[in-house]
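Here the structure is laid out as structure tokens; the discussion comes afterwards.
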Amino acid sequence: MLIHPQFDPIAISIGPLAVRWYSLMYLVAFVLVIVLGRLHARRRPELGWNAQQIDDLLFYGMIGVVVGGRLGEVLFFQPGYYFGHPLEIFAVWKGGMSFHGGFLGVLAAMWLYGRRVGKGFWQVTDFIAPLVPTGLAAGRLGNFINGELWGRPADPELPWAMVYPWVDALPRHPSQLYQIAGEGLLLFVILWIYSAQPRPLKAVSAVFLIGYGVLRFTAEFFRTPDPGIFGTLSLGLSTAQWLCVPMVLAGVGLLMASGRRAASA
């Protein structure tokens with residue numbers, strides 16, 4: 001069995017100033033969006049994106065992911081705790097960001113951005129979809145460094161089973177690493193390849209919704225369920241799994257709609 005390295009959550013400390021690994025992972029995620037966005041715009045010039053637009057898009061996305069991610073954690077997963085400790089809502093450096101909340105926040109930000117620059121909502125989401133998974137991978141790496149969101153108990157014979165000493169002495173699935181591999185790297189490869197060629201409007205967004213929803217739903221079977229608005233487990237599913245269901249259904253609907261649009265064009 002492996003033992004979690006128990007990293008120091010503070011990456012750099014200069015006097016009273018401390019920079020945490022979790023914050024650095026968000027910085028890495030935002031830099032990757034810039035780099036990949038420019039590569040994507042260069043390989044698909046017909047999409048009509050330039051460097052300045054990508055920079056502006058990132059600014060809107062940063063606000064959406066931070067505000068939405070935090071509010072999602074507060075409202076979907078730990079409303080009792082945060083309503084009892086309201087000042088903790090602002091302590092984002094301690095971790096606690098909901099993907100589903102951040103996803104809704106980014107959608108709102110992309111809608112606002114599209115209205116400002118005269119681009120359609122689906123034009124914007126189709127462009128950013130391939131840029132998101134590497135940021136998700138960086139966020140999950142931050143979770144692993146922080147030693148949070150650990151996995152469910154695993155078979156001791158599993159070669160990569162990991163003990164999180166501050167939790168208990170049980171071998172557990174390193175679910176953060178599973179999520180890095182799945183909804184991070186695998187989803188990135190799928191979307192990057194799929195979006196390399198012209199696709200019907202909404203199709204790339206649809207593949208993101210389906211891919212993330214399925215991969216996250218699967219990963220939750222190996223991750224200790226978070227408490228949430230649906231309870232720790234409702235009908236055998238975690239809150240995050242329930243939140244993935246409408247994502248997959250919406251993705252399937254969008255894919256069908258994009259196919260009909262392409263057929264009628």
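- Between Y212 and F99, the distance from one ring center to the other falls under 6.0 angstrom.
- Note: S13 OG to D8 CG = 8.5 Å, rounded to the nearest 0.5 Å.
- Shown here for E220 and S238, the closest heavy-atom pair between the two residues is OE1-OG, 2.9 Å.
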Identify each donor-acceptor pair in which a side-chain atom of residues 198-208 lies under 3.5 Å from a protein atom, sequence neighbours left out, and give them as a table.
from: R199; atom 1: NE; to: Y194; atom 2: O; distance (Å): 2.7
from: R199; atom 1: NH2; to: Y194; atom 2: O; distance (Å): 3.3
from: S205; atom 1: OG; to: T125; atom 2: OG1; distance (Å): 2.8
from: S205; atom 1: OG; to: D126; atom 2: N; distance (Å): 3.3
from: S205; atom 1: OG; to: D126; atom 2: OD1; distance (Å): 2.5

CA sep, side-chain torsions, deciding dist, call: Q176, N143, side chain to side chain donor-acceptor pair (under 3.5 Å): CA-CA 7 Å; Q176 311 100 323; N143 295 145; over 6 Å; no
Verdict with supporting geometry, W150 and H173, ring-ring contact (aromatic ring centres under 6.0 Å, His included): CA-CA 7 Å; W150 50 83; H173 290 282; over 10 Å; no
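- Judged purely by atom type and a 3.5 angstrom limit, R172 uses its side chain to pair as donor or acceptor with the backbone of G151.
- Contact record, A196 with R43: CB-NH1, 3.4 Å, taken as the closest heavy-atom pair.
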Trace of the side chain to side chain donor-acceptor pair (under 3.5 Å) decision for R216 with Q241: CA-CA 7 Å; R216 175 66 185 272; Q241 286 175 312; over 6 Å; no
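- Interatomic distance, CD of Q123 versus CD1 of I128, reported as 13.0 Å (0.5 Å rounding).
- Annotation: L17, atom CG; neighbour count of heavy atoms from other residues, nucleotides and ligands within 6.0 Å is above 12.
- Scanning all heavy atoms of the two residues, the minimum distance from P165 to I3 falls at CG-CG2, 3.8 Å.
- I10 contributes atom CD1, which lies 11.0 Å from atom CD1 of I12 (distance to the nearest 0.5 angstrom).
- Summarising the geometry, atom CG belonging to L185 is positioned 11.0 Å from atom CG belonging to L215; distances are rounded to the nearest 0.5 Å.
- When all heavy atoms of C244 and H100 are compared, the closest pair comes out as SG-NE2, 3.6 Å.
- The two residues P130 and W192 come nearest to each other via the heavy atoms CB-CE3, 4.1 Å.
- Counting only residues at least two apart or in different chains, side-chain hydrogen bond (donor to acceptor under 3.5 Å, both in side chains) contacts with residues 106-120 are absent.
- Annotation for P225 and R152: closest pair CG-NH2, 3.6 Å, computed over non-hydrogen atoms.
- The number of heavy atoms from other shown groups lying within 6.0 Å of CZ (F59) does not exceed 12.
- The number of heavy atoms from other shown groups lying within 6.0 Å of CH2 (W21) does not exceed 12.
- Atom CE of M1 sits about 9.0 Å away from atom CG of L170, to the nearest 0.5 Å.
- Annotation: ring-ring contact (aromatic ring centres under 6.0 Å, His included) contacts of F127 (sequence neighbours excluded): H40, W49.
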